[in-house]
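Below is one structure, written out as structure tokens; comments come after it.
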Amino acid sequence: MNSRLHPTRIAAATALLALAAAPWSAHADTPPPNDGTRFVSAGAQSDNHGNRQLLSTLSLPVGRHAWVQAGGGASRSNEAGGGRRPGIATAGVGVAGKSLQLTVNTAQRFDGRRYRQSDWGASLDWKQDGDDIGIDVTHRRSSATGSVAVSDGAGGSTTVPARVRVAGTGVGVHGALQVSERVSVYGAVARNHYRSRTEQGGASSSGGVLGSDSLLARTLLGGTSVVNRDEVDLDRSAQVGATYRWDKVAVSAEATTGAVHEGGAMRSVDLKAAIDVAPGWRVVPGVGRGTSDQGGHATVASVAATYGW
């Protein structure tokens with residue numbers, strides 16, 4: 001029996017092995033759908049009225065398609081905004097395929113019995129070649145307690161305990177379009193349907209716009225600051241922005257507007273720069289200008305840092 005291998009047989013065997021290994025090597029070289037979800041970040045923002053917020057997040061991948069996130073922080077409102085100092089706890093999970101991505105998240109804010117807010121949300125995205133379109137569903141329950149001054153019927157006033165509760169569900173759409181290699185644009189709109197209930201000195205009322213006592217709600221919920229925008233009940237909101245990218249810097253400009261449930265409006269413009277300062281490190285400074293019917297005009301500064309590995 002001839003034990004020598006013919007050169008053509010060797011070449012054929014090599015080609016078959018290469019073809020068999022190609023899908024595996026391509027799979028190994030292709031980033032997984034959850035690429036970029038291993039990071040830790042911390043950020044802060046503040047305005048010239050003393051409103052501020054701090055928030056940090058840890059994100060970890062699970063396998064090739066999923067990830068989990070957890071975070072914590074605190075916010076602070078000035079006296080005109082209710083003087084609240086709630087703690088913040090966040091959590092989220094996500095799963096992604098080749099084009100589809102589903103995320104579920106929650107944010108809990110609590111300042112003892114004085115103020116509590118519970119937010120839940122889910123987003124379903126379709127992504128392709130840098131373009132993204134998605135739908136959002138949210139649910140909120142919040143309550144604020146305090147005391148308000150009422151007439152005592154004798155020309156004076158007295159304080160009575162009061163509480164406002166807000167609950168509702170919202171839907172929205174968001175999207176991003178890669179216009180060119182360096183330029184992308186993005187936007188989002190949302191519509192929330194809130195129901196509310198106010199209690200004052202044992203009496204209560206309910207309605208779509210805080211019954212007939214939106215003044216009581218504004219007293220308990222405080223002013224509306226763009227820094228603590230996530231604590232504001234917005235009936236409608238819209239955002240539009242654009243990003244220009246260089247090799248290690250991406251500059252974004254965006255404008256946001258919203259109709260406040262307790263009455264009035266909120267608007268802001270922001271400018272941010274994402275700078276890759278070192279391998280794995282990104283710093284994002286920002287500056288903005290905001291205004292609301294209750295909180296007035298404010299100048300906002302922010303900074304965030306992210307490390308991914």
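Atom set for the values below is all heavy atoms of this structure, side chains included, hydrogens, waters and symmetry mates excluded. None of these values were measured; they are calculated from a predicted model.
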Next on the checklist: When you compare the side chains of S41 and R282, does any donor N or O come within less than 3.5 Å of an acceptor on the partner?
Outcome noted: no

Next on the checklist: Treating H139 as the side-chain partner and G168 as the backbone partner, does any N or O pair qualify as donor plus acceptor under 3.5 Å?
Outcome noted: yes

Checklist entry - Roughly how far, to the nearest 0.5 Å, is the CZ atom of R140 from the OG atom of S118? => result 9.5 Å

Next on the checklist: Quick one, Q101 and L124 - any side-chain contact, counting heavy atoms below 4.5 Å?
Outcome noted: no

Checklist entry - Without hydrogens or angle criteria, can the side chains of Q69 and T90 be said to hold a donor-acceptor pair below 3.5 Å? => result no

Next on the checklist: Could you walk me through whether E254 and K272 satisfy the salt bridge (charged side-chain N to carboxylate O under 4.0 Å, His left out) test, starting with their C-alpha distance in whole Å, then the side-chain angles of each, then the deciding distance to 0.1 Å, before giving a yes or no?
Outcome noted: CA-CA 9 Å; E254 64 183 41; K272 297 181 180 181; 5.3 Å; no

Checklist entry - Can you list the residues that meet the salt bridge (Lys or Arg N to Asp or Glu O under 4.0 Å) rule with D35, with sequence neighbours excluded? => result none

Checklist entry - Should the pair Y307 and W309 be assigned to parallel (<30°), tilted (30 to 60°) or perpendicular (>60°) ring geometry? => result parallel

Next on the checklist: Measuring from atom CG of N192 to atom OG1 of T169, what distance do you get when rounded to the nearest 0.5 angstrom?
Outcome noted: 8.5 Å

Checklist entry - Say you draw a straight line from OG1 of T138 to CZ of R191; how long is it, rounded to the nearest 0.5 Å? => result 11.5 Å

Checklist entry - Side chains of V226 and M266: closer than 4.5 Å at any heavy-atom pair? => result yes

Checklist entry - Is it the case that one hydrophobic cluster holds both V62 and F39, taking links as side-chain heavy atoms less than 4.5 Å apart, direct or via other members? => result no

Next on the checklist: Run V227 and R76 through side-chain contact (heavy atoms from CB on, under 4.5 Å) and show every step you take.
Outcome noted: CA-CA 9 Å; V227 169; R76 175 181 177 180; over 6 Å; no

Item to check | Note, D136 side chain near V173 side chain (heavy atom, < 4.5 Å) | outcome: no

Item to check | Any F110 side-chain heavy atom under 4.5 Å of P86 side chain | outcome: no

Checklist outcome for this item: What one should report as the nearest heavy-atom pair of N34 and G63 is ND2-O, 3.0 Å

Checklist entry - Got more than 12 heavy atoms from elsewhere within 6.0 Å of NE2, H193? => result yes

Item to check | side chain to side chain donor-acceptor pair (under 3.5 Å) between Q45 and S302, intermediate numbers included | outcome: CA-CA 4 Å; Q45 55 181 339; S302 65; 5.3 Å; no

Checklist entry - Please, which pairs that meet salt bridge (charged side-chain N to carboxylate O under 4.0 Å, His left out) have at least one residue in residues 167-187, sequence neighbours excluded? => result none

Next on the checklist: With heavy-atom distances below 4.5 Å as the criterion, would you say the side chains of D119 and R141 are in contact?
Outcome noted: no

Checklist outcome for this item: In terms of heavy-atom contacts, G97 and H65 come closest through CA-ND1, 4.3 Å

Checklist entry - Nearest 0.5 Å, what's the CZ-CZ distance between R163 and R113? => result 9.0 Å

Next on the checklist: Applying salt bridge (Lys or Arg N to Asp or Glu O under 4.0 Å), can you list everything that pairs with R116, at least two apart in sequence or on another chain?
Outcome noted: none

Checklist entry - Where do T37 and P61 come nearest, in terms of heavy atoms and distance? => result OG1-CB, 3.5 Å

Checklist entry - Given side chains that start at C-beta, do those of L234 and V260 come closer than 4.5 Å, heavy atoms only? => result yes

Next on the checklist: Do R289 and T299 pair up side chain to side chain, a donor and an acceptor below 3.5 Å, judged on atom types alone?
Outcome noted: yes

Next on the checklist: side-chain contact (heavy atoms from CB on, under 4.5 Å) for S225 and H49? Distances and angles first, verdict last.
Outcome noted: CA-CA 9 Å; S225 165; H49 297 309; over 6 Å; no

Checklist outcome for this item: When rounded to the nearest 0.5 Å, the distance separating OH of Y115 from OG of S77 is 8.0 Å

Next on the checklist: More than 12 heavy atoms of other residues, nucleotides or ligands under 6.0 Å from CG of L60: yes or no?
Outcome noted: yes

Checklist entry - Going by heavy atoms in the side chains, are T145 and S143 under 4.5 Å from each other? => result no

Checklist entry - Do K98 and K127 touch side chain to side chain, with heavy atoms closer than 4.5 Å? => result no

Item to check | Separation of L177 CG from I133 CD1 (nearest 0.5 Å) | outcome: 10.5 Å

Checklist entry - Would you say D276's side chain and P279's backbone share a donor-acceptor pair under 3.5 angstrom? => result no

Checklist entry - Would V164 and V166 satisfy side-chain contact (heavy atoms from CB on, under 4.5 Å), going step by step from the backbone distance to the final call? => result CA-CA 7 Å; V164 57; V166 179; 4.3 Å; yes

Next on the checklist: Could you walk me through whether Q117 and Q108 satisfy the side-chain contact (heavy atoms from CB on, under 4.5 Å) test, starting with their C-alpha distance in whole Å, then the side-chain angles of each, then the deciding distance to 0.1 Å, before giving a yes or no?
Outcome noted: CA-CA 6 Å; Q117 178 179 292; Q108 308 292 320; over 6 Å; no

Checklist outcome for this item: Across all chains, not counting sequence neighbours, the side chain to side chain contact (heavy atoms under 4.5 Å, CB included) partners of T243 are S184, Y186, R245, A250, S252

Item to check | Nearest atoms (heavy-atom pairs only) where P33 meets R64 | outcome: CD-O, 3.2 Å

Checklist entry - Has the side chain of H261 got a donor or acceptor atom that lies under 3.5 Å from a matching backbone atom of D235? => result no

Item to check | Set of residues satisfying ring pair (Phe, Tyr, Trp, His ring centres under 6.0 Å) with respect to W120, sequence neighbours excluded | outcome: none

Checklist entry - Who passes salt bridge (Lys or Arg N to Asp or Glu O under 4.0 Å) against D111, sequence neighbours left out? => result none

